[in-house]
Protein chains: 2
Amino acid sequence: MPKETKRRDTWFACLQANDYRLTKPRKTVINVLASSRQALNPTEIFDLAREEYPSLGLVSVYRTLETLEELNLIQRVHQPEGCKSYIAAFSGHQHLLVCEGCGRMVYFDGDDIASLVERVEQESGYQVNEHWLQLFGRCQACQ
Amino acid sequence: MPKETKRRDTWFACLQANDYRLTKPRKTVINVLASSRQALNPTEIFDLAREEYPSLGLVSVYRTLETLEELNLIQRVHQPEGCKSYIAAFSGHQHLLVCEGCGRMVYFDGDDIASLVERVEQESGYQVNEHWLQLFGRCQACQ
DNA sequence: ATCTTATTGAAAATGATTTTCAATTTCAGT
DNA sequence: ACTGAAATTGAAAATCATTTTCAATAAGAT
């Protein structure tokens, strides 16, 4: 079974486990998001999803995005051009690597910034709780 | 001379050096931004600036922000709550440390993530050009 | 198959940002 | 200081993204 199909079914199950009904609009939005390798904004999702389900309303895209984000199944991606796009979330402590050419994203883990955090805490007097790390570059195909 | 005054004068000079006129609306917006310890969004800047110059228009705030960003004097700050706020930019390679309590921000430098980048490049096949790193925590006053 | 209730799409409302444009202000040249 | 050309301004209108409202529909328990 392809990875995207598995993810899609996991999301369906997660919705049901949280007493959300499995409706056609939701399924369609999930199909689009669960199989995308790049972050998509509401309008892009709308356009793609309409190919599969033409009577879908844009409002349902917004509502489904809100739900999926609450369930931690997707996450908003911050980029210089804007912060309105979403991509499938990764469980665990992972960071994004974004291709500046095609937008393709991959997750990486194992960032060891503990010593950096410690030094910054000492110098600033702040107590650090969280960090955001994101890399930008070019994927193999775009190099 | 306080640091903020110096920064303000630098910005004035930078505008002039780039053939922008030194107008009252621009000066007022700069006064607000150059002396703020926390990131401010357009409306917040508008409200603060109006205390000094009541006939200021919101449009001029937007236009001045655009200009200052182009000149690399300010930068947009990305936060979980939104990405519409701006703060004075730092020259050189610096990252932000944001207080989750009061919003106060400080810059830090010397992040050494070279080895991390190298590993990720090998594993992903991407060529990494840039990185975003931002820390969140609590400042001394908010702890 | 029926019933209850969540969910939907369309339309209206809201909020943020951009564009348009005539009036004003800056500043270079006197 | 005075003048004039050109940049800049604020108000209003236009645009764009998102949210709210609401009657109609569809999901899923019985």
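Naming: A, B, ... by sequence-line order, numbering from 1 per chain.
Nearest approach of B:Y126 to A:R104, heavy atoms of both residues: OH-O, 3.0 Å. Of all heavy-atom pairs between A:R37 and A:I87, the closest is O-CD1, 4.0 Å.
Distance CZ (B:R63) to P (C:dT17): 15 Å, rounded to an integer number of Å. Rounded to an integer number of Å, the gap from CG of B:N41 to P of C:dG15 is 14 Å. We find that CD of A:E66 is positioned 12 Å from P of C:dT8, with the value rounded to whole Å. Taking atom CD of B:Q16 as the reference point, atom C1' of D:dA7 lies 14 Å away to the nearest angstrom. B:D19 places its CG atom 13 Å from the C1' atom of C:dT26, with the value rounded to the nearest Å. When the C1' atom of C:dG15 is taken as reference, atom OH of A:Y62 falls 13 Å away, rounded to whole Å. In this structure, NZ of A:K27 is placed 15 Å from C1' of C:dT8, rounded to the nearest angstrom. With rounding to whole Å, B:Y20 atom OH is found 11 Å from D:dT9 atom P.
Across D:dA12, D:dA26, C:dT17, the shortest atom-to-atom separation from the side chain of B:P42 is found for C:dT17. Set against D:dT18, C:dA16, C:dT26, the side chain of B:K84 has C:dA16 as its closest nucleotide. Counting only heavy atoms from C-beta on, B:P25 has its side chain closest to D:dT9 among D:dA26, D:dT9, C:dA11. For B:L58, counting side-chain heavy atoms from C-beta on, the closest listed nucleotide (C:dT4, D:dA11, C:dT17) is C:dT17.
Residue contacts for A:S55: at a heavy-atom cut-off of 4.0 Å it reaches the sugar-phosphate backbone alone, with no base atom in range. Residue B:R26 is classed as a sugar-phosphate contact, given heavy-atom separations below 4.0 Å to backbone atoms only.
Aromatic ring centroids of B:W132 and A:H78 lie 6.0 Å or more apart.
By the 30° and 60° cut-offs, the orientation of the rings of A:F90 relative to A:Y107 is tilted.
Take the nearest nucleotide of DNA chain C for A:G57 and for B:K24: the residue whose nucleotide is more 5' is A:G57.
Note that the CD atom of A:Q134 and the CZ atom of A:F108 stand 8.5 Å from one another [nearest 0.5 Å].
The shortest distance between the side-chain N/O atoms of A:T23 and the OP1/OP2 oxygens of C:dT8 is below 4.0 Å.
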